[in-house]
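First comes the structure, then the notes that go with it.
Residue numbering restarts at 1 for every chain, and letters A, B, ... go by the order of the sequence lines. Side chains included, hydrogens not; waters and symmetry mates left out as well; all remaining heavy atoms used. Not measured: the values here are computed from a predicted model.
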There are 2 protein chains.
Amino acid sequence: MYSLLVADDHPLFRDALHAVISAGLADTQLLEANDLATAIRTIEAHDELDLLLLDLSLPDADGLEGLKTLRDTFPWLPVAIVSAHQERQLVLDAIAMGAVGYIPKSTPREQLLVALTQILQGQLYLPADIMRRPSAQSEPHVDKLPPETSRGRLASLTDKQLDVLDCMAQGMSNKHIARELSIAETTVKTHVSAILRKLEATSRVHAIVIANKQDLGVYLAQRHSS
Amino acid sequence: MYSLLVADDHPLFRDALHAVISAGLADTQLLEANDLATAIRTIEAHDELDLLLLDLSLPDADGLEGLKTLRDTFPWLPVAIVSAHQERQLVLDAIAMGAVGYIPKSTPREQLLVALTQILQGQLYLPADIMRRPSAQSEPHVDKLPPETSRGRLASLTDKQLDVLDCMAQGMSNKHIARELSIAETTVKTHVSAILRKLEATSRVHAIVIANKQDLGVYLAQRHSS
DNA sequence: CGCACCTTCATCCTTTGGTAGGAGACGCCA
DNA sequence: TGGCGTCTCCTACCAAAGGATGAAGGTGCG
């Protein structure tokens with residue numbers, strides 16, 4: 001016997017949720033609230049709640065603030081977010097604030113049941129499609145060749161220049177680099193100038209930023225391993 | 001037929017994982033690597049990998065840096081973290097960086113199979129015990145300020161100093177920063193000096209390296225969102 | 001109110017970073 | 001052999017970065 005509370009100001013969605021739950025989750029009591037204030041009163045009156053489904057766009061609590069106050073006030077109550085938003089960062093923030101799950105309103109019925117049972121069993125639920133999308137959504141064969149295209153500018157550097165750039169990226173001064181590589185500081189300067197020209201950077205800091213964007217670490221690891 | 005790659009420098013753990021998988025996941029090819037460099041080479045040689053299990057304490061890639069480079073280089077490859085650490089924030093950071101799961105090394109065998117199958121089916125997996133523990137069991141006042149422990153030195157910076165550091169990390173010169181923030185260049189210098197002192201850096205480049213090691217980006221994102 | 005802290009800006013000075021130009025040594029290749 | 005590129009080093013010169021102070025205005029707190 002589970003007892004859930006749905007805090008959402010859309011009656012249609014509450015009804016839909018009601019239908020899904022009563023069809024798929026036997027023996028479940030479903031309470032409802034259409035704003036945060038009544039939700040809080042309901043929680044205080046029912047101290048045996050198993051889960052709160054919290055909408056993120058309530059009239060009296062927009063965004064994650066409602067979640068925060070609820071977590072602070074009723075730390076014993078698991079809260080799962082229900083929202084129309086689909087931003088990765090929002091999901092992560094919600095979990096970071098103690099939510100035990102994030103259910104997009106676009107979730108199909110069957111998946112919604114999976115999510116609820118998973119959460120009620122003590123697991124977390126995150127929308128896989130959203131969380132995986134930004135990087136792994138396309139088929140694996142498309143973005144398979146990053147080497148010489150993305151590494152465009154890094155590849156134009158000579159071995160010694162890469163050595164120098166590596167030192168630069170670790171925060172060394174020209175003098176340090178000279179000692180490290182056993183060459184004169186003027187030589188280091190020569191290399192640095194060449195690096196800046198090739199990377200089209202305006203300063204050594206800029207060069208390092210560019211190099212990191214182009215995965216200097218991976219590039220160096222690949223060179224050293226081959 | 002799944003094919004997995006385990007990147008972990010502990011042979012014992014690799015063996016244990018091997019045993020669990022061959023016992024519970026039929027038809028699974030398991031590749032192994034004991035550092036990041038060989039892992040990268042293995043990935044390049046096997047473009048049909050379904051999942052990478054990445055340890056967070058590899059000899060040539062400590063912490064989340066390895067995950068970052070892997071996500072940047074092979075965005076098509078799902079990466080799940082395997083780690084002995086049990087900090088909430090670390091788990092969240094890993095997911096934020098594109099990991100599809102986080103498996104503590106203390107996970108019991110049965111649960112490990114659950115996690116792997118869940119991940120291989122396209123879901124995310126997070127350790128419920130860790131994620132629920134800190135906020136749902138202890139009093140609400142304890143975990144309200146996580147900053148100062150993990151982000152040691154960064155937390156000692158003032159708001160303006162963080163602004164300046166952010167600009168620095170993007171490769172701007174003092175003059176640029178002055179224009180960007182609408183303050184005098186001498187003021188920027190003052191801030192930079194304070195930053196170097198607090199981060200115990202010897203130059204602006206060094207400061208940026210240190211800041212990146214302490215996840216400046218994540219830290220700033222958290223501040224701006226709160 | 002005094003006190004601490006942050007932010008702002010200034011001056012003076014030293015060190016570092018970066019450019020320009022030249023030059024010698026080595027290896028590679030047509 | 002001559003040309004090409006890389007690595008090495010040098011002399012200058014100028015711009016940027018950084019340290020050491022001082023000082024003024026603001027905020028917050030006991």
Side-chain angles (χ1 to χ4, degrees), chain A residues 148 151-212 216 219-220 223-224 226, chain B residues 145 147-148 151-212 216 219-220 223-224 226:
Chain A
E148 80 283 6
R151 316 273 204 249
R153 297 197 163 72
L154 278 187
S156 70
L157 297 181
T158 67
D159 288 348
K160 257 287 149 30
Q161 287 164 0
L162 279 173
D163 290 342
V164 173
L165 180 56
D166 189 15
C167 291
M168 286 167 62
Q170 292 174 36
M172 297 189 202
S173 69
N174 289 342
K175 197 176 295 182
H176 265 88
I177 299 174
R179 276 204 294 272
E180 178 73 23
L181 301 182
S182 302
I183 55 180
E185 189 183 342
T186 54
T187 309
V188 177
K189 285 188 172 189
T190 308
H191 289 315
V192 171
S193 288
I195 292 170
L196 297 191
R197 222 179 311 116
K198 289 184 178 178
L199 295 187
E200 296 179 10
T202 59
S203 71
R204 73 162 42 211
V205 193
H206 191 191
I208 294 171
V209 174
I210 292 175
N212 282 333
L216 173 66
Y219 189 64
L220 289 173
R223 287 182 76 89
H224 292 154
S226 60
Chain B
L145 3 149
E148 82 283 9
R151 320 280 202 235
R153 294 195 166 68
L154 280 187
S156 69
L157 298 182
T158 67
D159 289 348
K160 257 285 148 30
Q161 286 163 0
L162 280 174
D163 290 341
V164 173
L165 180 55
D166 190 14
C167 291
M168 286 167 63
Q170 293 173 36
M172 298 189 201
S173 69
N174 289 341
K175 197 176 296 183
H176 264 86
I177 299 174
R179 275 204 293 272
E180 178 73 21
L181 301 182
S182 301
I183 55 180
E185 188 183 342
T186 55
T187 309
V188 176
K189 284 187 173 189
T190 308
H191 290 315
V192 172
S193 289
I195 293 171
L196 297 191
R197 223 177 313 116
K198 289 184 178 177
L199 295 186
E200 296 179 10
T202 58
S203 72
R204 70 163 44 209
V205 193
H206 192 191
I208 294 171
V209 174
I210 292 175
N212 283 333
L216 173 64
Y219 187 65
L220 288 175
R223 295 193 128 247
H224 293 154
S226 60

Atom-pair distance ([atom1] on [X]; [atom2] on [N]), nearest Å:
{"X": "A/Met172", "N": "C/dT16", "atom1": "CE", "atom2": "P", "value": "16 Å"}
{"X": "A/Leu196", "N": "C/dA20", "atom1": "CG", "atom2": "C1'", "value": "14 Å"}
{"X": "A/Ile177", "N": "D/dC7", "atom1": "CD1", "atom2": "C1'", "value": "16 Å"}
{"X": "B/Lys189", "N": "D/dA23", "atom1": "NZ", "atom2": "P", "value": "20 Å"}
{"X": "B/His206", "N": "C/dT16", "atom1": "NE2", "atom2": "P", "value": "15 Å"}
{"X": "B/Leu157", "N": "C/dC5", "atom1": "CG", "atom2": "P", "value": "16 Å"}
{"X": "B/Glu200", "N": "D/dG19", "atom1": "CD", "atom2": "P", "value": "13 Å"}

Nearest 0.5 Å please: distance from the [atom1] atom of [X] over to the [atom2] atom of [Y].
{"X": "B/Lys198", "Y": "B/Ile210", "atom1": "NZ", "atom2": "CD1", "answer": "14.5 Å"}
{"X": "A/Lys160", "Y": "A/Thr187", "atom1": "NZ", "atom2": "OG1", "answer": "10.0 Å"}
{"X": "A/Asp163", "Y": "A/Glu180", "atom1": "CG", "atom2": "CD", "answer": "10.0 Å"}

Please confirm whether the shortest side-chain N or O distance from [X] to OP1 or OP2 of [N] is below 4.0 Å.
{"X": "B/Lys160", "N": "C/dT8", "result": "yes"}
{"X": "A/His191", "N": "D/dT8", "result": "yes"}
{"X": "A/Thr187", "N": "D/dC9", "result": "yes"}
{"X": "B/Asn174", "N": "D/dA17", "result": "yes"}
{"X": "B/Thr158", "N": "C/dT7", "result": "yes"}
{"X": "A/Lys175", "N": "C/dT16", "result": "yes"}

Using the side chain to side chain donor-acceptor pair (under 3.5 Å) criterion, which residues pair with A/Thr190? Sequence neighbours excluded.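 With neighbours one apart ignored, the set is empty.
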Picking from A/Ile195, A/Leu165, A/Val192, what satisfies side-chain contact (heavy atoms from CB on, under 4.5 Å) with A/Arg204?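 The passing option is A/Val192.
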At 4.0 Å (heavy atoms only), tell me whether B/Ser203 reaches a base, stays on the sugar-phosphate, or touches nothing.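 It contacts sugar-phosphate atoms only.
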Residue met sooner reading DNA chain C from 5', once A/Ser193 and B/Gln161 are mapped to nucleotides: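 Of the two residues, B/Gln161 wins.
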Contact nearer the 5' end of DNA chain C, comparing A/Arg197 with A/Ser173: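 Checking each residue's closest nucleotide, the 5'-ward one belongs to A/Ser173.
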Contact list please: residues 178-186 of chain A against DNA chain C, heavy atoms, distance less than 4.0 Å, in numerical order.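 By residue number: none to list.
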Provide the closest heavy-atom pair for B/Val209 versus A/Gln170 in the form atom of the first, atom of the second, distance.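 It is CG2-C, 3.9 Å.
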Is it true that, when you exclude B/His206 itself, more than 12 heavy atoms of the residues, nucleotides or ligands shown sit nearer than 6.0 Å to its NE2?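 Enclosed: over 12 neighbouring heavy atoms sit under 6.0 Å from NE2 of B/His206.
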